[in-house]
Chemist: 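What follows is a single structure, and I will ask about it in a moment.
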Amino acid sequence: MQWESPREECGVFGIYAPGEDVARLTFFGLYALQHRGQESAGIATSDGQRLYLHTRMGLVNTAFTEEDLRRLPGHIAIGHTRYSTTGSSVVVNAGPFLVQEGIEPVAVAHNGNLVNSEQLRQELLAQGIRLAGTTDTEALTWVLALTPGSDLATRIRRAMARFLGAYSLAILTPGALAAVRDPLGIRPLCLGRLGAGWVVASETCALATIGATFEREVEPGEIVVIDSEGLRSYPAPELAERQATCIFEFIYFARPDSQMMGRRLHIVRQRMGMELWREHPADADVVVPLPDSAVPAAIGYSRASGIPYAEALIKNRYIGRTFIQPDQRLREQGVKLKFNALPEVLEGKRVVLVDDTIVRGTTSRPIVELLRQNGAREVHMRVHAPPIMWPCYLGVDMATREELIAARLSVEEIGRAIGADSIGYLSLEGLLRAIGLPHDRFCTACLTGQYPVPVPTVAAVVANR
Ligand code: AMP
């Protein structure tokens with residue numbers, strides 16, 4: 001059995017809207033969440049009687065034809081975009097996951113990662129359930145499908161008692177849409193209105209895309225059920241001691257136009273850039289972002305410092321994750337497949353290069369080199385988050401501990417390894433100041449090693465690979 005579920009990043013979407021073409025609206029909702037997963041896409045719908053499902057590998061716009069959307073009738077839908085790495089890149093693992101054989105048919109779109117999925121899978125196998133794929137979502141959906149209860153919310157609440165880890169879910173049954181967030185609120189999930197209908201999505205950007213209005217976030221531990229009688233909320237039965245929303249959503253993962261915990265991410269990232277200047281000023285002529293994710297922070301750094309902002313790296317917007325493996329000659333081109341530089345902007349300049357994170361360090365070194373080749377006199381690396389030192393087991397594809405450059409090298413050593421003239425990372429305090437919320441609202445495990453749930457030991461993860 002492979003340990004593969006930690007390598008997932010996903011976007012989920014759901015809609016309950018009689019009279020609307022819900023499959024098409026879900027398609028556009030997923031389009032807005034494409035950054036959360038590019039490997040497969042899927043939509044499940046219900047016409048009140050039965051469930052329909054279409055999943056396919058690839059980007060949202062290649063996964064569905066007009067004909068596919070026509071074969072997804074009904075007034076309730078859920079959708080999923082998934083990212084995973086080799087080994088699990090097969091269509092049986094694509095979401096949403098559908099189980100027909102339980103108490104009633106149920107389909108689930110899941111963002112996050114259960115740390116006890118292996119145990120759940122073993123229990124299901126022992127019950128004689130034949131599991132088709134290898135994901136935690138499949139196990140989660142089966143548990144849900146087999147859990148009895150007087151109504152859907154009761155069944156979900158009982159099933160939740162068996163889930164450990166991160167899960168934001170959109171759940172579809174013949175008669176209802178449900179939205180669920182784990183008790184720590186690790187992955188985001190929000191609720192919106194579309195006319196008389198309801199929408200749920202990983203991020204608010206997906207609401208805006210389809211013309212829905214943002215209502216509120218689904219609370220940690222909350223279950224929301226929407227059916228012909230309207231919307232009912234079932235808050236977490238006990239008040240959690242803390243919330244543990246993924247801080248990496250704020251740093252990099254979520255789209256800058258999304259809102260989370262009452263904050264617009266573009267604005268929060270600008271403030272990260274301002275804090276970064278205060279903590280790590282540089283004597284320089286120009287502030288350059290690594291596009292696209294570090295643009296807001298570079299703007300903030302420039303505003304706070306008075307050093308002009310300039311775009312000097314142009315990213316090919318269409319490169320994405322491609323199924324075409326580059327050959328050796330192209331691999332040697334490395335980041336040049338993705339970025340070109342503007343010598344007119346860089347010639348003779350002392351450059352502050354702003355990025356959101358250094359993970360393995362494979363991007364930074366060639367980028368620094370590219371800036372120098374195009375005339376930069378000095379390159380000062382500035383990162384708008386603390387060093388990433390610990391792997392994520394709760395839903396972000398973030399490499400193993402051995403691969404993380406900051407787990408092996410000190411900050412100064414990283415600066416030397418990437419060939420920068422100086423380097424500075426934003427502190428955790430600076431990051432939290434920029435967000436404007438206390439530490440106990442966040443999971444900061446990738447930065448601090450403090451996991452909010454017990455995670456598998458390194459030995460277990462390696463053995464399962
Ligand atoms: P690396 O080259 O491994 O150091 O990765 C760092 C670059 O990848 C940064 O420029 C980030 O913007 C981007 N990045 C950071 N985290 C992730 C992630 N989880 N998935 C994909 N890209 C990422």
Side-chain angles (χ1 to χ4, degrees), residues 5-11 33-39 81-86 111-113 166 186-188 202 246-256 265 269 272-273 276 288-298 312-317 319-322 331 333-339 341 353-371 379 381-409 411 413-415 417-420 423 425-426 431 443-447:
S5 33
R7 301 185 155 249
E8 286 187 25
E9 304 170 333
C10 300
L33 299 173
Q34 185 77 82
H35 62 290
R36 299 184 70 86
Q38 294 103 49
E39 200 146 287
T81 62
R82 177 166 192 261
Y83 173 117
S84 69
T85 52
T86 0
N111 174 209
N113 181 60
I186 297 173
R187 297 276 139 230
S202 292
C246 169
I247 205 156
F248 200 64
E249 296 274 355
F250 282 75
I251 298 166
Y252 166 82
F253 201 36
R255 255 171 60 160
L265 295 185
R269 288 176 191 160
M272 291 176 196
L276 186 56
V288 167
L290 195 80
D292 299 313
S293 47
V295 167
L313 292 164
I314 306 300
K315 183 177 183 178
N316 181 335
R317 299 221 153 82
I319 191 125
R321 266 178 78 87
T322 162
R331 254 198 299 276
Q333 282 283 97
V335 297
K336 290 182 189 146
L337 284 178
K338 268 194 186 172
F339 299 100
L353 173 64
V354 179
D355 199 0
D356 48 89
T357 39
I358 303 176
V359 182
R360 297 174 180 83
T362 40
T363 309
S364 314
R365 189 187 167 81
I367 289 285
V368 171
E369 209 174 278
L370 186 65
L371 294 175
V379 180
M381 184 82 192
R382 295 293 180 271
V383 184
H384 69 78
I388 297 199
M389 299 179 67
W390 302 89
C392 180
Y393 300 102
L394 298 168
V396 175
D397 177 15
M398 196 104 85
T400 62
R401 183 140 163 85
E402 306 80 67
E403 289 166 328
L404 294 169
I405 191 166
R408 289 184 282 112
L409 303 181
V411 170
E413 287 168 337
I414 295 171
I418 66 171
I423 185 165
Y425 283 88
L426 184 62
L431 175 63
C443 173
T444 59
C446 58
L447 314 173

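Note that the structure is predicted; figures quoted are calculated from it, not measured. Numbering of ligands and ligand atoms starts at 1, following listing order. Counting begins at 1 with the first residue of the sequence. All values below come from the heavy atoms of this structure, side chains included, with hydrogens, waters and symmetry mates left out.
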Chemist: Whether the side chain of T81 engages the backbone of G11 through a donor-acceptor N/O pair (distance < 3.5 Å, no angle test) should be reported.
Modeler: yes

Chemist: Can you list the residues that meet the side chain to side chain donor-acceptor pair (under 3.5 Å) rule with R365, with sequence neighbours excluded?
Modeler: none

Chemist: What residues come within 4.0 Å of ligand 1, counting heavy atoms only?
Modeler: E9, F248, Y252, L290, S293, D355, D356, T357, I358, V359, R360, G361, T362, T363, V396, D397

Chemist: Any sub-3.5 Å donor-acceptor pair from R255's side-chain atoms to L33's backbone N or O?
Modeler: no

Chemist: Any side-chain to backbone donor/acceptor pair from R401 onto M389? Under 3.5 Å, distance only.
Modeler: yes

Chemist: Has the side chain of R187 got a donor or acceptor atom that lies under 3.5 Å from a matching backbone atom of C246?
Modeler: no

Chemist: Keeping the roles fixed (side chain from Q34, backbone from G37), state whether a donor-acceptor pair exists under 3.5 Å.
Modeler: yes

